[in-house]
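Lettering follows sequence order; numbering is per chain, from 1.
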There are 2 protein chains.
Amino acid sequence: MSDLEVRQLRYFVAVAEELHFGRAADRLGMAQPPLSRAIREIERQLGVTLLERTTRRVTLTSAGEVLLRDARTALDAVTAAGRRAMHAGRPEPTLRLAMKADYDGGLLPQILAAYRTEPAALPLEFVLGGRDQQEPALRDGRADIALLPRPFDDRGLDVEPLLTEPRLLAVAAADPLTAHERLHLADLKGRFLPDGRAADREDLPPVRTTGPGADGRPARQPRQLDLAQIFNLVELGDSVWFPPVSVVRRHPRPGIVHRPVVDLPPLELALAWPQESRSPAVAAFVRTACEVAATAQVTATATSTATAT
Amino acid sequence: MSDLEVRQLRYFVAVAEELHFGRAADRLGMAQPPLSRAIREIERQLGVTLLERTTRRVTLTSAGEVLLRDARTALDAVTAAGRRAMHAGRPEPTLRLAMKADYDGGLLPQILAAYRTEPAALPLEFVLGGRDQQEPALRDGRADIALLPRPFDDRGLDVEPLLTEPRLLAVAAADPLTAHERLHLADLKGRFLPDGRAADREDLPPVRTTGPGADGRPARQPRQLDLAQIFNLVELGDSVWFPPVSVVRRHPRPGIVHRPVVDLPPLELALAWPQESRSPAVAAFVRTACEVAATAQVTATATSTATAT
DNA sequence: ATCACTCATACCTCCACGGTATCAGTGGTG
DNA sequence: CACCACTGATACCGTGGAGGTATGAGTGAT
């Protein structure tokens, strides 16, 4: 009845994800037999069957599904403990802010300026990464706080909404859609976003593979696109996009035209940080950022409707 | 840069709590030298000093404080992973409800009756324990859901308020306080609750040691008192108490008199469960309990003011 | 019926974790 | 001021368990 070890959790997660002992062992950099033994030992310790195995198929039992989810969060917690301690022990501590480049509502300069005047402020460090890297970075201790668009998985995180920013439709200048001054989502049926999601149903997972792909073999999962790539796809007419107004303002581009979409939900940016955090630097940043956003929101909404190109 | 092991986390927590390698080693059931080496190895892995040690004193560095907190939550997460999987693999799964005996607002029978009619319902199992055992039980996987009074540390937990129940003053029948029909908290200055907290400031930590204590040596931390013990202390005039009305109704006691206290905050009972939980049995229980509480609350408030003895 | 694939078993090796003995600072005390 | 008790660090050793290799055995496709 003693605790599992981190090694055991890692082994189980690998097998549960691959559903194949050989590949899992490969991924773990070890041979298959000791992995089989290790999994069996976990099952013996817990007194539970985690995997149904034949020589042809490996499937998770319901107990295995439970363990897979909990093992992931436990591993994150262990990683986070080490990383946070490592960071806290540095001679010059910093506040690590995870964000996606340009997704700051244009407020970052003001927030930073205001934050630096705080007595509890620490020097800032930026953890740039794709949207899907931000929650993990918070959870495993790579970042202290994140600025990220909603919705996101906020389990284990404290959240403070920061600002709401309208988004526009970005489309190639030659596109027939530009004939309308105002659009509805329904007008975008059959169009796709750069990551392959349907433009009129961005809540659904990607349905189109993106990228060059012309080489014949099916393109793999949509990889992280940077702004330049996105702009190219839009300008070429391959995709449309929904940039927030601050991005439009910051990156004017002749070949791309913007139009308001009346039923397009706005971008909601929020701050998130680990619940355990009792760091005064985090608290000061949250307070400062909220104040800046609150005052800026007023002026922003007053001018935003006039900026549609 | 690899993860710490559970063993290392346990060792560090022991030393950080004892601030003494010898005692920590003793607690861990091992000799002191390997423990010293293990801690040094953790510091080497992280590249950080966790403990300042002389041969006379051991103190935590700031990095050590960070690791102590995060290591505790990580260890809880690991324990929870194992326990939840163990429980999920049982042939007859159950829903384990953590609660403090009698702190159910008198609704538990109705809630259980309603719950059993749910299609997603599982057989219930009760995890009885003191108030301070309930959050840990959720966090380390001994319980699936808890019924507990607010406020509590809800980090990592999802919470649903269930009901608000007035509390009364319970006092010995011979006490002069019984002369008043209605009281204020200020009238209770100098009185103590059974656990040693000041009756007029129950938000503060205990200031009086309780229990027999007459043996001369100072009584240790207030241990968990059961209802019978509490009633005894109250009846003897040693303490006053703030039972919720459902407890008063369920346990009438001749030597104890109850009075309303106008500025005494009511008892707020809430349901809490781990955020990771996606169990339909938990969801069904929450929904059912909330429905029962909502309908019962109406009738309860209508009669509660008339029940003051 | 055969074959390719994959998980389990058997056996071996070695490292790292823990134990014992001892050293080396530190702070209190007569 | 010298001595002593206390406590963490170091040195050295033994063993259990984690991982590797070779191989068996069951399963599903052709």
Just jot down the side chain to side chain contact (heavy atoms under 4.5 Å, CB included) partners of B:Val286, sequence neighbours excluded, or say none. B:Ile145, B:Glu160, B:Leu271, B:Trp273, B:Val282, B:Cys290
Using a 4.0 Å cut-off on protein heavy atoms (strictly under), produce a 5'-to-3' string for nucleotides 21-30 of chain C with B for base contact, S for backbone-only sugar-phosphate contact, and - for none. B---BBS---
Which residues satisfy the salt bridge (charged side-chain N to carboxylate O under 4.0 Å, His left out) test with B:Arg23, sequence neighbours excluded? B:Glu18
To the nearest angstrom, the CD-C1' distance between A:Glu43 and C:dC7 comes to 13 Å
Can you list everything that forms a ring pair (Phe, Tyr, Trp, His ring centres under 6.0 Å) with B:Phe285? Sequence neighbours excluded, please. B:Tyr115
Which side-chain hydrogen bond (donor to acceptor under 3.5 Å, both in side chains) pairs, counting each pair once, include a residue from residues 31-43 of chain A, with sequence neighbours left out? A:Gln32-A:Ser36, A:Glu41-A:Arg44, A:Glu41-A:Gln45, A:Glu43-A:Arg53
Please state how far atom CD in A:Glu5 lies from atom C1' in C:dA16, giving the value in whole angstrom units. 13 Å
Where chain A begins and ends its contact with DNA chain D, read 5' to 3' at 4.0 Å from heavy atoms: D:dA18 to D:dG28
Salt bridge flag under 4.0 Å for residues A:Arg72 and A:Asp70: no
In Å and rounded to the nearest 0.5 Å, what is the CG to CG distance from A:Leu138 to A:Leu148? 7.5 Å
Name all residues meeting the side chain to side chain donor-acceptor pair (under 3.5 Å) criterion together with B:Thr94; count only those two or more places apart in sequence or in a different chain, and write none if there are none. B:His87, B:Glu125
A:Glu65: which residues meet the side chain to side chain donor-acceptor pair (under 3.5 Å) condition with it, sequence neighbours left out? none
Can you name the salt bridge (charged side-chain N to carboxylate O under 4.0 Å, His left out) partners of A:Asp140, sequence neighbours left out? A:Arg83, A:Arg142
Over how many whole Å does the gap from B:Arg10 atom CZ to C:dG18 atom P extend? 10 Å
note: B:Arg37, atom CZ; C:dG19, atom P; distance rounded to Å ~ 10 Å
Residues in residues 11-31 of chain A with a heavy atom under 4.0 Å of DNA chain C, by number, are A:His20, A:Phe21, A:Gly22
According to side chain to side chain donor-acceptor pair (under 3.5 Å), who are the partners of B:Arg278, at least two apart in sequence or on a separate chain? none
To the nearest Å, give me how far apart CD1 (B:Ile42) and C1' (C:dC17) are. 13 Å
With sequence neighbours left out, write down each residue that passes side chain to side chain donor-acceptor pair (under 3.5 Å) with A:Arg116, or none if nothing qualifies. none
I need the CZ-P distance between A:Arg7 and C:dA16, as an integer number of Å. 13 Å
Interatomic distance, B:Ile39 CD1 vs C:dC17 P [rounded to whole Å]: 13 Å
Round to a whole Å and report the spacing from CD of B:Glu41 to P of C:dC17. 7 Å
